[in-house]
Amino acid sequence: MPELPEVETTVRQIRSALVGQRITGVRVRWAGSVAGRSAGALRRALTGKRIERVSRRGKFFVLDLGQAARGMAHLVGHLRMSGRLWIEREGLPHDAHARVEIGLGRRQRLVFADVRKFGRLYFTQQPEEIFGHLGPEPLSSAFTPTWLAEALGRRRRRIKPLLLDQAFIAGLGNIYTDESLFAARIHPLTLANTLGRAAVSRLTTSIRRVLSAAIRHEGSSFDSYYRTPEGRSGRYQDRLFVYGRGGHPCRRCGTPIVRIVVAQRGTHVCPRCQPTPRLRCRAQRRR
DNA sequence: AGCTACTCCTGGTAGC
DNA sequence: TGCTACCAGGAGTAGC
């Protein structure tokens with residue numbers, strides 16, 4: 001499922017083919033993929049616009065359209081569970097799961113495909129209305145141990161659902177949250193404000209390292225859903241320590257990885273490397 | 001504030 | 001072989 005590394009990989013691989021292109025037309029094959037407006041309205045809004053910039057914010061991809069002087073418009077999208085983007089030659093038979101096709105110059109088109117139909121495209125003048133609530137980018141300079149320690153200290157919440165909360169940090173999903181917590185040797189049920197300075201420091205480093213390594217390996221592909229725009233599977237799934245490895249031996253200590261459910265999400269932990277938080281330890285110390 | 005349940009949706013698979 | 005039932009899961013929302 002596309003998280004930050006998969007969206008980053010996608011954006012990097014479509015950027016050079018898109019920037020400078022003018023949109024020649026739009027075909028919506030599944031109206032539900034377009035948020036907030038009709039297929040016709042999206043076509044009228046996009047047709048004729050020039051793509052100036054392609055970027056990412058959290059798990060959203062962003063196409064900046066038109067000239068800043070005349071007020072930028074933006075095509076923002078979220079791939080959710082099974083969305084994909086790629087560029088192909090105009091005239092090919094369309095993909096079975098193609099939901100929106102955007103005509104470009106040079107007889108090419110940008111395809112937004114999505115098996116499970118959870119993904120969405122938004123056309124907007126005000127992208128902050130769509131992703132303004134997002135927390136900091138974990139690979140930016142704003143994401144520091146100091147910031148994280150302060151932010152965690154204010155939350156009485158289990159660390160895993162907090163890391164999955166896009167308003168807290170942008171871009172982490174189920175896979176990279178489990179991997180980051182394992183790398184930091186933190187149990188997913190630990191209360192955020194009980195983490196010590198050393199643990200917060202490890203967590204900061206782990207999140208950055210896990211995401212960077214996943215980007216270097218073009219993300220993770222488990223099922224047939226995620227492929228890069230160039231058609232390759234990701235390679236990071238072969239390097240995972242816990243996600244999807246329930247019952248298999250921990251790569252660090254050999255203890256079988258356990259799958260539990262936290263906040264309705266499958267969650268993978270090494271019971272030895274990530275000891276269960278003992279909420280009574282304060283009371284015990286007092287005795 | 002933070003938890004759970006529910007919704008959207010399909011392909012894959014377990015069970016019969 | 002072919003059927004049904006169930007599950008995964010990002011994020012928004014409702015209700016407690």
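Residue numbers start from 1 in every chain, and the chains themselves are labelled A, B, ... in the order their sequence lines are given, proteins ahead of strands.
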Would you give the length of the straight line joining atom [atom1] of [X] to atom [atom2] of [Y], rounded to the nearest 0.5 angstrom?
X	Y	atom1	atom2	answer
A/Leu85	A/Ile14	CG	CD1	5.0 Å
A/Ser140	A/Arg208	OG	CZ	7.0 Å
A/Glu218	A/Arg12	CD	CZ	10.0 Å

Walk me through it: do A/Ser221 and A/Gln237 pass the test side-chain hydrogen bond (donor to acceptor under 3.5 Å, both in side chains)? CA-CA 6 Å; A/Ser221 301; A/Gln237 67 280 1; 4.7 Å; no
What parts of residues 209-222 of chain A reach DNA chain C, counting only heavy atoms under 4.0 Å away?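 Here the set is empty: none.
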Tell me which residues in residues 32-41 of chain A lie within less than 4.0 Å of DNA chain C, going by non-hydrogen atoms.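 Those residues whose heavy atoms fall under 4.0 Å from DNA chain C, taken from residues 32-41 of chain A, amount to none.
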Calculate the interatomic distance between [X] atom [atom1] and [N] atom [atom2]; express it in whole Å.
X	N	atom1	atom2	value
A/Phe61	C/dG10	CZ	P	17 Å
A/Leu164	B/dT4	CG	P	13 Å
A/Phe168	B/dG2	CZ	P	10 Å

Short side-chain to backbone donor-acceptor contact, A/Asp114 and A/Gly119, under 3.5 Å: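 Present.
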Ignoring hydrogens and geometry, is there a side-chain-to-backbone donor-acceptor pair from A/Ser201 to A/Arg197 under 3.5 Å?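 The answer is no, because no donor-acceptor pair under 3.5 Å joins these two groups.
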Base, sugar-phosphate alone, or nothing: which one does [X] contact when heavy atoms must sit under 4.0 Å apart?
X	value
A/Glu3	nothing
A/Arg80	base
A/Arg155	sugar-phosphate

Between C/dG9, C/dA11, B/dG2, spot the one nearest the side chain of A/Arg156, thanks.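 The answer is B/dG2.
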Any salt bridge linking [X] with [Y]? Criterion: basic side-chain nitrogen under 4.0 Å from a carboxylate oxygen.
X	Y	result
A/Asp178	A/Arg265	no
A/Asp165	A/Arg157	yes
A/Arg239	A/Glu179	no
A/Glu3	A/Lys59	no

Is it the case that C/dA8 (base atoms only) and A/Arg259 (side chain only) share a donor and an acceptor within less than 3.5 Å, ignoring hydrogens and angles?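 Check fails, no donor-acceptor contact within cut-off.
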Go through DNA chain B and write down every stem, that is, every run of at least three consecutive Watson-Crick or G-U wobble pairs with distances under 3.5 Å, as range with range.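 Stem segments, range with range: B:2-16 with C:2-16.
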Sequence neighbours left out, what pairs pass salt bridge (Lys or Arg N to Asp or Glu O under 4.0 Å) with at least one residue falling in residues 87-100 of chain A?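 Non-adjacent pairs meeting salt bridge (Lys or Arg N to Asp or Glu O under 4.0 Å): A/Glu88-A/Arg109, A/Glu90-A/Arg109.
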Considering only nitrogen or oxygen atoms on both sides, find all protein atoms under 3.5 Å from nucleotides 13-16 of chain C and state each distance.
none

Do A/Lys160 and A/Thr267 have side-chain N/O donor and acceptor atoms under 3.5 Å apart?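 A/Lys160 vs A/Thr267: donor-acceptor pair found between side chains.
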Quick one: sort the A/Phe182 and A/Phe241 rings into parallel, tilted or perpendicular, breaks at 30° and 60°.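 A/Phe182 and A/Phe241: parallel rings.
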For DNA chain B, determine which residues of residues 112-128 of chain A have any heavy atom closer than 4.0 angstrom to one of its atoms, and list them numerically.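 Contacting residues: A/Val115, A/Arg116, A/Lys117, A/Phe118.
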Step through it carefully: locate the ring centre of A/Phe168, locate the ring centre of A/Trp147, and say whether they are under 6.0 Å apart.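 Yes, the ring of A/Phe168 comes within the 6.0 Å limit of the ring of A/Trp147, centre to centre.
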